[in-house]
Amino acid sequence: MFLLIVAVVQILPLIWLLFFSLKNNQEVFNLPPLALPTEPKWENYVKVWTEGNIGQYFFNSVFVTGSAVILTVLLASFVTFAITRMKWRFNKLVLGLFMVGLMIPVHSTLIPLFNFFLNVNLMDHPLSIILTYTAFNLPITIMILLGFYYTLPREVEEAAIMDGCSIHRMFFQIILPMTAPVLATTAIINMIYNWNEFVFVNTFISSDKYKTLTVGIQNFIGQYSTDWGAIGATLMISIIPILIVFFILSNRIVEGITSGSVKG
Amino acid sequence: MDRVMSDKKVIALYVLPAFLLLLILVYVPIVLTGYYGLMNWDGIGEMEFIGLSNYIALLSDSMFWRSAYHSLLLAVFSVLSLGAYLLVSVILAGNIKGANLFRKIYLIPMLLSSVAIAQLWMRIYHPSSGVMNRFLTAIGIENPPLWLADSSIVLFAIIIPIIWQYAGFYILIYYAALKNIPNELVEAARIDGANPWQIAYKIKLPLISGVIKVTIVLAVVGSLKYFDLIYVMTEGGPNGASEVMASYMYKQAFSTNDFGYGSAIGFFLLVICLVVTWLIRKVTASKEDEVQY
């Protein structure tokens, strides 16, 4: 019973959001908050999608999120492979530096990063956020990968080398496919983080052409400050993709979040 | 085999791209933040070296201390809410039907962006048409609070959605840790006559103390650097009543264009986060050693 109440509390605000995204102002103000709209106003969704830049923001979010996820997972796999499977002197030190990165608040790096991107002409360029996301997500990604890499049997590598396989081919054709399940987990964790990221985009990106959904909706809602249906529809559009991903892949997400934090 | 696996060129090729990114975009900036803190600089013009002036000014800046106090308050409430999350997890882990479904439902707010959550809660707190006040009026409370416009309660009005947002995350972590406890230990205690509360308090809690420690660090450090929700909902207002360290830093740098002073705050934030992490680990370390088995 207690658990049910907690579940209702967690979900109720979102149900209310869904309801008012389908109402007009008159219904929002006059009907009880959790009453169904007399007739769903799907035109709220059509309006915000066609009138503003939501489509563009949406595409930017997909592009930035996707690029950063691929880059992060690939680079993190390289590093984790070199640290756990190869023999060299400073591997523990390098690993330590990546792990300390977990504790660094992004705000403490914001001003120098702003200055840096200004100087290398990447200000207001998607690359600035893609690279920043990658750098800041590498530590957690490597941490999740580590546990999995330690359990990989060494015999596979030995056999591959005996057969004259080059180390690069071994990495791409044997190790990477073997780590597919954990790669999926890390990719999802990265995806959720990047899709929702706010402060870097808000600081580095100024033109509508490159804004992502989180920052885009923030500005967009300003124009509709009194149209609750339009605001609701905008918010719903920004959260639906992540909810769909969650419903399809919830087990992996749950697993990723636990493996990403319990070991810390 | 060994020769192939210790090829220096391959190692450099695999490690350097990621390492350079980390160095250039994380480590060099934190050093530069400390350095910029020594400058009088508007972000565009020439930097002027002014020594420790910014850091000294920070010490007597009442608005900064107020924001630090708000961050601390946020941290205290976050840690207190961990107790509630733990209680939910203990019940959830007790062979409840549908536990899997529950923990997934709990997690949903955590997946949404802070901007969406902030915008949603601004509607919830809306003075006349928000659900909160419509509910309060319906149960007979006249003149319900103005939530985000009232400087005496705005901070609490912001803490509620934060607790809501992260509930599922911490419940999930505790749940996983509790499920990892070997059943034999719980069974043995039960045979010895321990009741469910004794089992939870004397056996399960000590066994997951390592995880509790991690969540305390996460909650405290997360609170100290908290920004998004507050920035969107109130911008630190009204009159600085919900200003926190990160939002104050952001304002000083990007609204007031005092990048030197903003950097000093940023550096302070970094030092606090590292020190607090170290302190919590140190304080809780001995406790954990006792229950090691």
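Note on naming: letters A, B, ... go to the chains in the order of the sequence lines (proteins, then strands), and numbering restarts at 1 for each one.
In this structure, chain B has a heavy atom under 4.5 Å from the side chain of S238(A), while its backbone stays farther away. Within the 4.5 angstrom heavy-atom criterion, atoms from both the backbone and the side chain of N202(A) approach chain B. Both the backbone and the side chain of V9(A) come within contact range of chain B, each with at least one heavy atom under 4.5 Å from a heavy atom of that chain. For a residue to count as touching a neighbouring chain, one of its non-hydrogen atoms must lie under 4.5 Å from one of that chain's; by this rule M236(A) does not touch chain B. The contact between L131(A) and chain B is made by backbone and side chain atoms together, counting heavy-atom distances below 4.5 Å. Looking at T203(A), the atoms closer than 4.5 Å to chain B (heavy atoms on both sides) sit in the backbone and in the side chain alike. Contacts between W195(A) and chain B at a heavy-atom distance below 4.5 Å are absent for every atom of the residue. With a threshold of 4.5 angstrom between heavy atoms, L97(A) approaches chain B through its backbone and through its side chain. Both the backbone and the side chain of I167(A) come within less than 4.5 Å of a heavy atom of chain B. If you measure heavy-atom distances from I231(A) to chain B, the contacts under 4.5 Å come from the side chain alone. For Y175(B), no part lies near chain A; criterion is any non-hydrogen pair under 4.5 Å.
Between chain B and the residues G232(A), A82(A), S250(A), the largest count of heavy-atom pairs under 4.5 Å involves S250(A). Considering only heavy-atom pairs separated by less than 4.5 Å from chain A, the leading option among T33(B), V217(B), I208(B) is T33(B). When the candidates I217(A), N115(A), V215(A) are compared by the number of heavy-atom contacts under 4.5 Å with chain B, N115(A) comes out ahead. Interface remark: of the candidates V245(A), T109(A), T132(A), T109(A) forms the most heavy-atom pairs closer than 4.5 Å to chain B.
Rounded to the nearest 0.5 angstrom, S247(B) OG and H107(A) NE2 are separated by 8.5 Å. To the nearest 0.5 Å, the span separating CD1 on I192(A) from CG on L107(B) amounts to 7.5 Å. Distance check: L22(B) CG to F98(A) CZ gives 5.0 Å after rounding to the nearest 0.5 Å. The CG atom of L113(A) lies 11.0 Å from the CD1 atom of I30(B); values are rounded to the nearest 0.5 Å. In this structure, CG on L14(A) lies 11.5 Å from CD1 on I105(B), to the nearest 0.5 angstrom. The CZ atom of F2(A) lies 10.5 Å from the CG atom of L92(B); values are rounded to the nearest 0.5 Å.
Side-chain contact check for K225(B) versus V106(A): every heavy-atom pair is 4.5 Å or farther apart.
By the 30° and 60° cut-offs, the orientation of the rings of F78(A) relative to Y14(B) is tilted.
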